[in-house]
Enquirer: 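Pasting a structure here, questions to come.
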Amino acid sequence: MVLILTFFSFGCSGKKAQEEGFISVKINRFDSVLYEYLQNKEPVDSLLNTNLAFLNIYGERVLNIGTTDSSGFYSRLNAFFSEPTLMGLYKDEQEVFENVKPYENELSIAFQRLLNEFPELKIPEIYMHVSGLNQNVIVADSVLSISSDKYLGSDYALYKDFFYDYQFQQMSPNRIVPDYLLGFMMSEFPFKGNSDVLLDRMLYEGKLRYILSVLLQERPVNESLAYSEEQWNWCEKSEAKIWKTILQQKHLYTPDYFITSQYINDAPNTAPLNPSSPGRAGIWVGYRIISSFMKNNPETKWKDLIDLTDYQEILKLSKYKP
């Protein structure tokens with residue numbers, strides 16, 4: 001599943017924990033607050049007003065029903081969630097994510113590691129919301145929210161009506177934390193380069209996955225790319241062939257948005273390679289090149305790595321030779 005990011009302006013507010021020198025992440029359960037309101041039709045003040053700023057963004061950018069100061073907003077909100085299948089999905093989401101403490105703990109550790117390298121970053125307020133299988137991640141100046149109804153498990157029955165088989169493995173609860181972090185990093189460290197050039201795109205993506213793999217170092221490395229162990233092993237076994245194909249087909253430097261997308265975007269496989277390949281193999285190669293670069297240039301700080309946009313120089317200094 002392609003990580004969909006929605007960006008919007010939201011007033012900046014530093015986290016008290018960060019200011020005091022430690023990170024303790026709490027997930028604001030907007031999803032639960034809204035669900036309780038929809039179930040009980042409690043007065044708006046008692047449930048939604050404490051989340052009014054986020055509710056406005058949610059209504060305007062996620063549900064497309066406007067903001068709370070527009071006439072009939074709450075009627076449209078109730079109407080949107082009146083569909084039985086959607087409320088069934090919402091009920092299941094509440095059950096799957098009844099306890100979010102494990103996610104909070106893992107995010108706390110990861111964000112602390114990120115701040116150790118980028119102390120100037122402001123850790124956002126973190127939310128969960130239900131989008132009706134729409135946006136994955138909402139990112140703002142001080143807000144990060146994930147559409148938790150898209151992480152109910154790879155075997156969740158309703159997904160079969162809306163998504164392809166190859167997307168299912170990225171729709172499990174264990175993808176919540178990596179996608180929070182990846183969404184945040186994509187907003188803080190936006191792509192700089194030629195988006196049509198494969199080398200530029202895959203090294204940018206490789207940087208993010210390299211950092212993600214260290215932030216989540218207790219996890220198997222294949223999870224940094226949302227790969228199964230089998231997919232990761234296929235790439236390792238075929239690494240020399242993948243690189244040879246990229247070079248022989250002149251895909252590395254030739255500006256071609258379509259070809260580059262075939263290596264980077266989610267798909268059943270990476271089309272220019274073997275049909276048995278996993279999708280997004282270009283990101284995997286990018287990760288390998290960045291890993292080699294960091295190994296051969298150990299003095300490089302993460303900030304320096306992010307700031308490096310001479311992708312040809314990165315490749316040269318990486319000494320990557322599969």
Side-chain angles (χ1 to χ4, degrees), residues 1-6 15 17-18 22-32 54 92-118 121-131 133-140 142-156 159 167-189 205-229 231-232 266 280 283-284 287 302 306:
M1 190 184 314
V2 177
L3 190 66
I4 301 172
L5 300 180
T6 298
K15 286 185 70 69
Q18 182 175 340
F22 64 92
I23 296 298
S24 180
V25 169
K26 177 177 174 55
I27 297 175
N28 295 288
R29 297 302 305 274
F30 176 82
D31 58 321
S32 297
F54 186 79
D92 293 339
E93 182 270 346
Q94 289 289 286
E95 292 175 356
V96 170
F97 296 108
E98 181 180 4
N99 177 22
V100 297
K101 190 63 177 175
Y103 308 110
E104 292 174 334
N105 291 341
E106 191 174 21
L107 283 169
S108 297
I109 294 170
F111 272 120
Q112 185 62 70
R113 287 170 176 161
L114 191 62
L115 277 182
N116 290 341
E117 297 286 341
F118 299 96
L121 289 180
K122 295 295 183 183
I123 304 305
E125 296 290 336
I126 297 180
Y127 287 77
M128 274 185 171
H129 69 274
V130 166
S131 68
L133 305 180
N134 197 351
Q135 286 96 338
N136 280 35
V137 182
I138 295 175
V139 185
S142 62
V143 170
L144 177 64
S145 187
I146 208 158
S147 182
S148 46
D149 51 319
K150 297 183 78 171
Y151 298 89
L152 300 184
S154 58
D155 58 350
Y156 185 64
Y159 291 161
Q167 296 175 306
F168 293 159
Q169 75 180 58
Q170 297 188 57
M171 304 183 76
S172 64
N174 75 340
R175 296 306 309 164
I176 286 272
V177 170
D179 282 359
Y180 266 130
L181 294 168
L182 190 57
F184 179 68
M185 287 194 293
M186 289 176 72
S187 69
E188 293 293 324
F189 314 130
E205 298 286 350
K207 290 179 185 181
L208 299 186
R209 272 40 174 222
Y210 173 82
I211 293 174
L212 184 64
S213 71
V214 181
L215 296 180
L216 301 177
Q217 59 193 256
E218 290 80 14
R219 291 183 177 226
V221 67
N222 55 284
E223 293 190 14
S224 62
L225 269 80
Y227 269 6
S228 66
E229 186 176 351
Q231 290 171 321
W232 186 274
D266 202 20
R280 299 175 287 111
I283 297 179
W284 186 88
Y287 167 84
W302 285 4
I306 289 295

Enquirer: What distance do Leu215 atom CG and Phe184 atom CZ have between them, rounded to the nearest 0.5 Å?
Expert: 10.5 Å
Enquirer: Kindly compute the distance separating CZ (Phe111) from CZ (Phe118), expressed to the nearest 0.5 Å.
Expert: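 Spacing of CZ (Phe111) from CZ (Phe118) equals 13.0 Å.
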Enquirer: Test side chain to side chain contact (heavy atoms under 4.5 Å, CB included) on Leu144 and Ile138 and set out the steps.
Expert: CA-CA 6 Å; Leu144 177 64; Ile138 295 175; over 6 Å; no
Enquirer: Report the C-alpha distance between Ser147 and Ser131 in whole Å, list the side-chain angles of each, state the deciding distance to 0.1 Å, and finish with yes or no for side-chain hydrogen bond (donor to acceptor under 3.5 Å, both in side chains).
Expert: CA-CA 6 Å; Ser147 182; Ser131 68; 2.5 Å; yes
Enquirer: Main chain of Ser142, side chain of Glu125: is a donor-acceptor contact present, judged purely on distance under 3.5 Å?
Expert: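 No, Glu125 side chain to Ser142 backbone: no donor-acceptor pair under 3.5 Å.
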Enquirer: Give a yes-or-no answer on whether the side chains of Ser148 and Glu93 include a donor-acceptor pair shorter than 3.5 Å.
Expert: yes
Enquirer: Does CD belonging to Glu95 count more than 12 external heavy atoms closer than 6.0 Å?
Expert: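 Yes.
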Enquirer: To the nearest 0.5 Å, what is the distance between CG on Leu208 and CE on Met186?
Expert: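 Spacing of CG (Leu208) from CE (Met186) equals 7.0 Å.
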Enquirer: For residues Met128 and Ile146, determine if any side-chain heavy atom of one lies less than 4.5 Å from a side-chain heavy atom of the other.
Expert: yes
Enquirer: Looking only at heavy atoms, which two atoms of Val96 and Pro173 are closest? And how far apart?
Expert: CG1-CG, 4.1 Å
Enquirer: So which heavy atom on Ile123 is nearest to which on Ile23, and how close?
Expert: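 Looking at all heavy atoms of both residues, the closest pair is CG1-CD1, 3.9 Å.
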Enquirer: Is the backbone N or O of Phe30 less than 3.5 Å from a side-chain atom of Asn28, with the two atoms forming a donor-acceptor pair by type?
Expert: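 Not at all, since once roles are kept as given, no pair shorter than 3.5 Å links the two residues.
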Enquirer: For Ile126 versus Val25, what's the shortest heavy-atom pair and its separation?
Expert: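 That would be CD1-CG1, 3.6 Å.
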Enquirer: For side chain to side chain contact (heavy atoms under 4.5 Å, CB included), just list the numbers for Leu216 and Glu223, CA-CA rounded to whole Å, side-chain angles, deciding distance to a tenth of an Å, and then say yes or no.
Expert: CA-CA 9 Å; Leu216 301 177; Glu223 293 190 14; over 6 Å; no
Enquirer: Out of curiosity, Leu182 CG to Met185 CE, how far, rounded to the nearest 0.5 Å?
Expert: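 Interatomic distance, Leu182 CG to Met185 CE, rounded to 0.5 Å: 5.5 Å.
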Enquirer: Would a distance-only check, ignoring hydrogens and angles, find a side-chain to backbone donor-acceptor pair under 3.5 Å from Arg175 to Lys150?
Expert: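 Not confirmed, Arg175 side chain does not pair with Lys150 backbone.
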Enquirer: With a 3.5 Å distance limit and no angle check, can you tell me whether Asp149 reaches the backbone of Leu133 through a side-chain donor-acceptor pair?
Expert: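 Here the side-chain-to-backbone pair exists.
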Enquirer: Hey, could you give me the CH2/CG distance between Trp284 and Leu225, rounded to the nearest 0.5 Å?
Expert: 9.0 Å
Enquirer: Where do Pro124 and Val143 come nearest, in terms of heavy atoms and distance?
Expert: CB-N, 3.7 Å
Enquirer: Would you say the ring centers of Tyr287 and Trp232 fall short of 6.0 Å from each other?
Expert: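 Centroid distance Tyr287-Trp232: below 6.0 Å, so yes.
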Enquirer: Any donor-acceptor pair under 3.5 Å linking the side-chain atoms of Gln169 with those of Ser228?
Expert: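 Side chains of Ser228 and Gln169: no pair found under 3.5 Å.
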Enquirer: Go through the steps for Glu205 and Arg209 under the test salt bridge (Lys or Arg N to Asp or Glu O under 4.0 Å), then give the verdict.
Expert: CA-CA 6 Å; Glu205 298 286 350; Arg209 272 40 174 222; 2.3 Å; yes
Enquirer: Under 3.5 Å, is there a donor-acceptor pair linking the side chains of Asp266 and Gln167?
Expert: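 Asp266 vs Gln167: no donor-acceptor pair found between side chains.
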Enquirer: Hey, would you say the Phe168 and Tyr156 ring centroids sit under 6.0 Å apart?
Expert: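 No; Tyr156 has its ring centre 6.0 Å or more from that of Phe168.
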Enquirer: Hey, are Tyr151 and Asp179 close enough side-chain-wise for a donor-acceptor pair under 3.5 Å?
Expert: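 Distance-only check passes for Asp179 and Tyr151.
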Enquirer: Does Asp31 form a side-chain hydrogen bond (donor to acceptor under 3.5 Å, both in side chains) with Gln94? I'd like the steps, not just the answer.
Expert: CA-CA 8 Å; Asp31 58 321; Gln94 289 289 286; 3.2 Å; yes
Enquirer: Evaluate the side-chain proximity of Ser154 to Met171: yes if any heavy-atom separation is below 4.5 Å, no if none is.
Expert: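 No; the side chains remain at least 4.5 Å from each other.
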Enquirer: If you take all heavy atoms of Lys207 and Ile306, which pair is closest and at what distance?
Expert: NZ-O, 3.3 Å
Enquirer: Rounded to the nearest 0.5 Å, how far does CG of Leu121 lie from CG of Leu114?
Expert: 5.5 Å
Enquirer: May I ask you to test the Pro102-Asn105 pair for a side-chain heavy-atom distance under 4.5 Å?
Expert: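 Not touching, per the 4.5 Å side-chain cut-off.
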Enquirer: Could you pull out the closest heavy-atom pair between Ala110 and Leu181, with the gap in Å?
Expert: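 Nearest pair, atom of Ala110 first, then Leu181: CB-CD1, 3.6 Å.
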Enquirer: Are Ile176 and Glu106 close enough that some pair of their side-chain heavy atoms sits under 4.5 Å apart?
Expert: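 They are not in contact (no side-chain heavy atoms under 4.5 Å apart), so the answer is no.
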Enquirer: Is Tyr180 close to Ile27 at the side-chain level, that is, under 4.5 Å between some pair of heavy atoms?
Expert: yes
Enquirer: Salt bridge (Lys or Arg N to Asp or Glu O under 4.0 Å), that's the test. Do Glu229 and Arg219 meet it? Break it down for me.
Expert: CA-CA 12 Å; Glu229 186 176 351; Arg219 291 183 177 226; over 6 Å; no
Enquirer: Would a distance-only check, ignoring hydrogens and angles, find a side-chain to backbone donor-acceptor pair under 3.5 Å from Tyr159 to Leu152?
Expert: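 Here the side-chain-to-backbone pair exists.
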Enquirer: Side chains of Ile283 and Arg280, heavy atoms from C-beta outward: is any pair under 4.5 Å?
Expert: yes
Enquirer: Check whether any side-chain heavy atom of Val214 sits under 4.5 Å from a side-chain heavy atom of Arg113, and report yes or no.
Expert: no
